Amino acid sequence: MDLSIVILAAGKGTRMRSKLPKVLHRLAGKALLAHVIETAQALDPRRIVVVYGHGGETVPRALSGYAVQWVEQAEQLGTGHAVDTAMAVLSLSTSERVLVLYGDVPLIRHETLRDLLQGLDRTPLALLTAHLDDPSGYGRIVRDEQGEILRIVEQKDASDAERRIGEINTGILAAEGQALQRWLARLDNDNAQGEYYLTDVIALAVAEGHRVASSRATHLWEILGVNDKLQLAELERRQQQNLAQALMRQGVTLADPARLDVRGRVEVDRDVSIDVNVVLEGHCVLGEDVYIGPNCLLRDVRLAAGVRIEANSVLEQCQVGAGCVIGPFARIRPDTELDEGARVGNFVEIKKSRIGRGSKINHLSYVGDSQVGQRVNIGAGTITCNYDGANKHRTVIGDDAFIGSDTQLVAPVEVGAGATIGAGSTITSDAPAGELTLSRSKQRTIPGWQRPRKEKG
Ligand code: UD1
Ligand code: CA
């Protein structure tokens, strides 16, 4: 049966106190609305329509990568009006079902939505409800003595008795499309807020003699919305817990599941181990036996088996071969590739470079725009001077070369295979293979030289 999904995202989100439209605020590294769109996609609908309004084109522009239809609701006249606005572009087939989701309820799971949609096998309307200890603010589900749903009453329109009802409307509902269209056409805004309430369709369905189905979310956090930064932070923590649990189920050892943050997608092999305060962003792939030490930030990295990232290292857009050891205090910048068994030590920065098998850059160096061969040893304090103020130039270092400490390699420059560069050299032209090259002023001693002394006043 065909399914269309409508996501409401036109609200301003005043309580976020931000110039960014609410649904673009990030949770686990992704816009709130993006979470909802991806969950909707998991249900394989015929189409997804997102109703936007506040913030104008900012929202569709920010999420233009998603294959959804954007419909503007210029004035926010209520949830009923918002769904009705979407209906105009749906061109429903006769048996089509419609599911209504919210751009600011990011953690709803597709399993829960599938359950809800099953309710439509027997009736034209199904609601996702929840029982809350504190239901204030929500619409309440009013049932008859047999427990059948009669209507939803909004907090602001509810009597004292109705306000004591603990079962609330999550807002998420599913309906037979054509019936929904019929009910929406009959909504009015004769209520405390002067809005066209989507929730009024329930009483209209009941008046037509239909039963209204209801189901519950498995977890309370699935139905929680984000209205302010406090709720955003609460859901962030909740989602981080979910992501950490998923990793542990895949066999990852986490020193503390509460001190890992995943802002993107992580793929793991067996026996990965992650110490505290690690942030993983973008798409990270962690091979077998990878160890990540405390306080590391990794963004879009691919680490092969056995890689060790020691404490306080930052790696971005790089590929690290099996058995490499990086850090502590290393910074690997984009477009860097380390081959098997390479070592990068403390206070080393590498950018846009390829480091060959087994090569070592262990202390206090900058290597940029370089190609470094195999088994090369780069001494402490080596700098590739890759930038002349206008252009970047490449440094090429052959296999088995040895670069003495405190060397500057002024690019473009090439050091041949097996070459040795004497410590403290400034290398401005190519150094031949197999030879010792150095540029250093000769050491001298001045015999009998005396330090100046302070004159006695
Ligand atoms: C709504 C429900 C209430 C439910 C609650 C759950 C109605 C009338 N009430 O109340 O029963 O308990 O959600 O959170 O539906 N929106 C638009 N366009 C509009 C109005 C709203 O896109 O014209 C979007 C908002 O951006 C928001 C969502 O719809 O994401 C809900 O709107 P809101 O006004 O917050 O509804 P509530 O008063 O919370
Ligand atoms: Ca709300």
Side-chain angles (χ1 to χ4, degrees), residues 5-16 18 20-25 31-33 35-37 49-56 58-60 70-88 99-108 125 127-132 134-142 149-158 162-163 165-173 175 180 183-184 187-204 212 214 216-217 220-228 231-232 235:
I5 299 181
V6 175
I7 303 175
L8 302 191
K12 182 173 180 199
T14 313
R15 281 178 282 161
M16 295 298 274
S18 167
L20 194 67
K22 174 161 77 175
V23 293
L24 292 185
H25 284 266
L32 294 173
L33 178 54
H35 284 270
V36 183
I37 291 174
V49 176
V50 182
V51 181
Y52 71 100
H54 240 282
T58 326
V59 176
W70 298 95
V71 177
E72 186 176 11
Q73 185 195 20
E75 261 188 296
Q76 280 82 67
L77 303 178
T79 48
H81 178 259
V83 175
D84 200 37
T85 307
M87 288 305 231
L99 173 64
V100 178
L101 302 177
Y102 297 81
D104 58 358
V105 181
L107 297 184
I108 187 71
L125 184 58
L127 303 180
L128 190 70
T129 73
H131 275 272
L132 297 186
D134 176 13
S136 57
Y138 288 93
R140 309 297 207 284
I141 308 289
V142 182
I149 294 176
L150 291 177
R151 59 194 173 89
I152 293 177
V153 60
E154 290 304 299
Q155 164 96 14
K156 287 185 179 141
D157 302 292
E162 286 166 338
R163 285 184 188 188
I165 297 172
E167 188 183 11
I168 61 102
N169 172 34
T170 64
I172 293 171
L173 62 79
L180 181 60
W183 302 324
L184 286 171
L187 292 182
D188 62 45
N189 62 356
D190 185 12
N191 52 52
Q193 302 182 77
E195 289 181 3
Y196 294 90
Y197 289 166
L198 175 61
T199 45
D200 283 350
V201 303
I202 286 83
L204 292 170
V212 176
S214 66
R216 303 270 179 82
L220 185 59
W221 46 259
E222 290 184 64
I223 60 121
L224 295 179
V226 173
N227 294 301
D228 58 29
Q231 291 171 336
L232 181 63
L235 283 194

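Please read all numbers here as calculations on a predicted model, not as lab measurements. One-based numbering, in listed order, for ligands and for the atoms of each.
- Of the polar atoms of Ile152, none of the N or O atoms is found under 3.5 Å from an N or O of ligand 1, judged by distance alone.
- Between atom CD1 of residue Ile108 and atom CG of residue Leu224 there is a gap of 10.0 Å, rounded to the nearest 0.5 Å.
- Distance check, rounded to the nearest 0.5 Å: CG of Leu99 to CG of Leu173 gives 8.0 Å.
- Closest heavy-atom approach to atom 6 (C) of ligand 1 among the candidates Thr170, Val201, Leu32: Thr170.
- Contact annotation: for Tyr102 versus ligand 1, heavy atoms closer than 4.0 Å belong to the side chain alone.
- Partner of Ile223 under the side-chain contact (heavy atoms from CB on, under 4.5 Å) criterion, out of Thr170, Leu107, Thr129: Thr170 alone.
- Residue contact check for ligand 1: Gly78 places a non-hydrogen atom closer than 4.0 Å to it.
- Taking Asp228 as the reference, Arg15, Leu230, Gln231 meet the side chain to side chain contact (heavy atoms under 4.5 Å, CB included) condition, with sequence neighbours excluded.
- For ligand 1, the atoms sitting less than 4.0 Å from at least one non-hydrogen atom of Asp104 are 27 (C), 30 (O), numbered in the order shown with element in parentheses.
- Considering only heavy atoms from C-beta on, Leu235 comes within 4.5 Å of Pro106 through its side chain.
- Residue contacts with ligand 1: Gly103 is placed with no nitrogen or oxygen under 3.5 Å of a nitrogen or oxygen of the ligand (distance criterion only).
- Within the model, atoms CD of Glu162 and CZ of Arg140 stand 9.0 Å from one another, a figure rounded to the nearest 0.5 Å.
- The proximity of Val51 to ligand 1, defined as any non-hydrogen pair under 4.0 Å, does not occur for either the backbone or the side chain.
- For ligand 1, the atoms lying closer than 4.0 Å to a non-hydrogen atom of Tyr197 are 8 (C).
- The ligand atoms of ligand 1 that sit less than 4.0 angstrom from a heavy atom of Gln76 are 18 (N), 19 (C), 23 (O).
- Between Leu232 and His25, some side-chain heavy-atom pair lies under the 4.5 Å cut-off.
- The line from OG of Ser214 to CD1 of Ile141 is 7.5 Å long, rounded to the nearest 0.5 Å.
- Against a heavy-atom cut-off of under 4.0 Å, Gly139 is close to the following atoms of ligand 1: 3 (C), 4 (C), 11 (O), 12 (O).
- When heavy-atom distances to ligand 1 are checked against a 4.0 Å cut-off, Leu77 comes that close only through its backbone atoms N, CA, C and O.
- For ligand 1, the atoms closer than 4.0 angstrom to any heavy atom of Thr199 are 7 (C), 8 (C), 9 (N), 11 (O), 15 (O).
- The distance from the OH atom of Tyr52 to the OG1 atom of Thr58 is 9.5 Å, given to the nearest 0.5 Å.
- Note that CZ of Arg163 and CG of Asp157 are 8.5 Å apart. Values are rounded to the nearest 0.5 Å.
- For ligand 1, one of its N or O atoms has an N or O atom of Gln73 under 3.5 Å away.
- Comparing Ile172, Asn169, Thr79, Ile141 by heavy-atom distance to atom 5 (C) of ligand 1, the nearest is Asn169.
- Note: an N/O pair closer than 3.5 Å links Ala10 and ligand 1 by distance alone.
- For atom 10 (O) of ligand 1, the nearest non-hydrogen atom from the set His54, Gln155, His81, Glu154 comes from Glu154.
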Expected list for residues 76-87: side-chain donor-acceptor pairs under 3.5 angstrom, two or more places apart:
residue	atom	partner	partner atom	Å
Gln76	NE2	Gln73	O	2.8
Thr79	OG1	Leu198	N	3.0
His81	ND1	Gln73	NE2	2.9
Thr85	OG1	His81	O	2.7

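- Geometrically, ligand 1 and Glu195 share no nitrogen or oxygen pair separated by less than 3.5 Å.
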